[in-house]
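This report concerns only the one structure given below.
Quick caveat: nothing in here was measured; it's all calculated off a predicted structure. By convention here, the first residue in the shown sequence is residue 1.
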Amino acid sequence: MGLGLTARDGASHAAMAQDEVDIPAPADFHCHLRQGDMMKLVTPHVSLGGMQLAYVMPNLSPPITTTEQAIRYRAELQALAPEIDFMMTLFLAPALTPDEIRKAHKAGISGVKSYPRGVTTGSEGGVESYEKYYDVFEAMQECDMVLNLHGEVPSSEASGITVLNAEPAFHRHLEELHARFPNLRIVLEHATTKASVDIVNRLGPTVACTITAHHLALVVDDWAGNNLHFCKPVAKTYEDRRALREVIASGNRKFFLGSDSAPHPSLSKLPLLSQDAQVAPNACAAGVYTSPILLPLLAHLFETVEPRIPLERLPDFAGGFGRSFYARPASQSAHSVRLRRVNASSGVSTSGQGRVPVSYDGQSEALGQIRVIPYFASKTLNFAIASS
């Protein structure tokens with residue numbers, strides 16, 4: 001993997017600051033691109049954030065449950081961003097059959113996403129029991145399709161489950177599925193806890209795990225009282241954050257980028273701004289939006305949060321390891337994306353770079369202006385994508 005190093009102020013090689021880093025064929029193995037006018041606004045942001053591959057979630061309304069729906073959705077996305085390799089998924093639902101799995105596999109659909117019912121956005125038709133899908137999982141194992149697990153169980157007073165312990169409570173399901181289908185490739189999505197890191201490490205090579213950018217920085221105090229930082233699963237403790245950062249720093253191949261970048265209209269994130277109860281009648285929507293700034297954000301968070309993650313881990317985390325697990329090598333047209341430190345004293349001109357916009361705005365016939373507020377809005381990142 002290419003890594004560019006430049007010395008500043010005559011520093012010795014041992015003390016060189018890493019002002020540039022090259023990431024070959026960056027890939028995001030978990031993102032949400034929505035539909036309709038929101039899709040038109042956010043899909044071009046995949047490449048804006050430096051990514052060349054997007055593994056697309058199926059929790060639309062209605063969810064993507066058939067091969068035909070997934071193919072149509074991919075065509076819509078490709079028309080908006082033809083430079084991106086879109087990998088498609090199906091939503092695990094009762095209508096999904098082994099025959100549909102085989103059909104989807106032949107059509108190039110890569111995985112099936114499981115949402116426990118009611119745990120996050122678009123999960124109303126989600127899973128209540130995994131046993132009823134064993135024939136589907138068997139077909140997936142035969143076809144070598146990936147099962148993507150939203151690793152939480154629903155909150156309830158009777159079980160004592162809340163958003164804070166919903167992830168560890170899910171682990172028994174992961175263990176049972178892996179034991180019954182040892183050759184089924186499984187990804188535990190957007191891990192937030194040390195317990196998740198430990199169980200993925202303990203299970204076999206067919207089990208992997210995605211980690212988001214925002215969970216490398218946030219803890220519970222950052223979202224309790226800040227709607228823009230609220231997502232599912234929620235960020236947890238400093239110990240949990242440390243475990244995520246340490247496993248990336250170790251170069252463990254089972255852990256790779258899945259941003260879970262999830263755009264919502266600002267009125268859904270900040271409902272108190274609305275004077276119309278019909279516009280935002282519910283609590284804050286779950287989701288943090290990182291797509292437009294993803295690669296620079298990762299580099300920034302690698303080096304600004306403790307324990308620090310060496311920048312040389314970024315190429316594998318943001319591309320190499322995920323591509324290897326999914327058997328999705330870069331195409332011949334793929335290229336490296338170079339990140340460059342903003343205002344580096346090497347004299348590189350980065351005027352206006354590094355500053356994250358307050359919002360990304362679009363238009364909707366139904367809602368008028370769409371405003372999506374990104375993570376790190378109005379702040380400055382240490383890195384930007386080099387224009388040359």
Could you check whether any side-chain heavy atom of S359 comes within less than 4.5 Å of a side-chain heavy atom of S266, counting everything from C-beta outward? no
Any donor-acceptor N or O pair under 3.5 Å, side chains T67, E100: yes
Backbone N or O of L149 within a donor-acceptor pair of the K113 side chain at under 3.5 Å? no
Can you tell if the side chain of D198 reaches within under 4.5 Å of the side chain of V200, non-hydrogen atoms only? no
Aromatic plane relationship, Y55 with Y326 - under 30° parallel, 30 to 60° tilted, over 60° perpendicular: tilted
Anything under 30° is parallel, anything over 60° is perpendicular, the rest tilted; go ahead and classify F137 against F181. perpendicular
Check: S259 side chain, H30 main-chain N or O, donor-acceptor pair, under 3.5 Å: yes
Quick check: does any side chain N or O of E167 sit under 3.5 Å from a backbone N or O of T192, one acting as donor and the other as acceptor? yes
Is the closest basic N to carboxylate O distance between K232 and E152 below 4.0 Å? no
Atom of A104, atom of L90 and distance for their closest heavy-atom approach: CB-CD1, 3.8 Å
Residues C31 and A54: closest non-hydrogen pair is SG-CB, 3.6 Å
Would you mind reporting whether L339 and L314 have side-chain heavy atoms less than 4.5 Å apart? yes
Quick one: pull up NZ in K254 and CG in L203 and give me the separation to the nearest 0.5 Å. 6.0 Å
Taking R180 first and then E138, would you say they form a salt bridge - that is, a charged N and a carboxylate O separated by under 4.0 Å? no
Is there a side-chain contact between I373 and V358 in this structure, where contact means two heavy atoms from C-beta onward sitting under 4.5 Å apart? no
Begin with the C-alpha distance, continue with both residues' side-chain angles, and end with the deciding distance and a verdict on ring-ring contact (aromatic ring centres under 6.0 Å, His included) for H32 and Y289. CA-CA 9 Å; H32 297 270; Y289 189 51; over 10 Å; no
So that I can tick it off, tell me whether K103 and E68 are bridged by a salt bridge, with the cut-off set at under 4.0 angstrom between side-chain N and carboxylate O. yes
Same apolar cluster: V220 and L216, side chain cutoff 4.5 Å: no
Within the structure provided, determine whether S250 and R313 are in side-chain contact (heavy-atom separation under 4.5 Å). no
Mind telling me whether H190 and H150 have parallel, tilted or perpendicular rings, with 30° and 60° as the class edges? perpendicular
Between F230 and W223, what is the ring plane arrangement, given parallel below 30°, perpendicular above 60°, and tilted in between? tilted
Assess whether a salt bridge exists between K194 and D240, defined as any Lys/Arg side-chain N lying under 4.0 Å from an Asp/Glu carboxylate O. no
Quick one: do R308 and E306 make a salt bridge, cutoff under 4.0 Å? yes
Test item: K236 and R241 side chains (from C-beta on) under 4.5 Å apart, heavy atoms: no
Is I199 reachable from I161 through a run of I, L, V, M, F, W or Y residues, each pair having side-chain heavy atoms under 4.5 Å apart? yes
Out of the candidates I211, T210, I248, only one should pair with F256 under the side-chain contact (heavy atoms from CB on, under 4.5 Å) rule; please name it. T210
Look at the side chain of R185 and the backbone N and O of D144, then say whether any donor-acceptor pair between them is shorter than 3.5 Å. yes
Grouping ILVMFWY residues whenever side-chain heavy atoms fall under 4.5 Å, the cluster of Y238 otherwise contains V219
Show your reasoning for whether side-chain hydrogen bond (donor to acceptor under 3.5 Å, both in side chains) applies to N148 and E189. CA-CA 7 Å; N148 301 96; E189 299 290 346; 2.6 Å; yes
Is the H173 ring parallel, tilted or perpendicular to the Y130 ring (thresholds 30°, 60°)? tilted
Side chains of T97 and D99: any donor to acceptor distance under 3.5 Å? no
Return yes if some donor-acceptor pair links the side-chain N/O of R355 with the main-chain N/O of S378 below 3.5 Å, else return no. yes
For F255 and F317, I'd like to know if the aromatic rings sit close, meaning centre-to-centre distance below 6.0 Å. no
Say whether, by atom type as modelled, one donor and one acceptor occur between the side chain of H178 and the main chain of G204 under 3.5 angstrom. yes
Are D19 and R340 ion-paired here, with the side-chain N under 4.0 Å from a carboxylate O? no
Do you know the tightest heavy-atom contact between F302 and P310? CD2-O, 3.7 Å
For atom CD of E83, decide whether the heavy atoms of other residues, nucleotides or ligands shown that lie under 6.0 angstrom number more than 12. yes
Sub-3.5 Å donor-acceptor pair from the side chain of R323 to the main-chain atoms of A25, do we have one? yes
Considering all heavy atoms, the nearest G111-M145 contact: N-CE, 3.8 Å
Counting distance only, does the side-chain N/O of K379 pair as donor-acceptor with the main-chain N or O of G354 below 3.5 Å? no
Any donor-acceptor pair under 3.5 Å linking the side-chain atoms of N382 with those of E303? yes
Between Q35 and S61, do the side chains contain a donor N or O and an acceptor N or O under 3.5 Å apart? no
Does S47 use its side chain to pair, donor to acceptor, with the backbone of P44 at less than 3.5 Å? yes
Is the shortest side-chain heavy-atom distance between Y115 and P58 below 4.5 Å? yes
Is a side-chain N or O of Q69 found less than 3.5 angstrom from the main chain of T65, in a donor-acceptor match? yes
So E20 and R338, salt bridge (charged side-chain N to carboxylate O under 4.0 Å, His left out) or not? Walk me through it. CA-CA 7 Å; E20 293 183 350; R338 174 163 293 183; 3.4 Å; yes
Are L188 and F170 side-chain neighbours, meaning at least one heavy-atom pair lies under 4.5 Å? yes
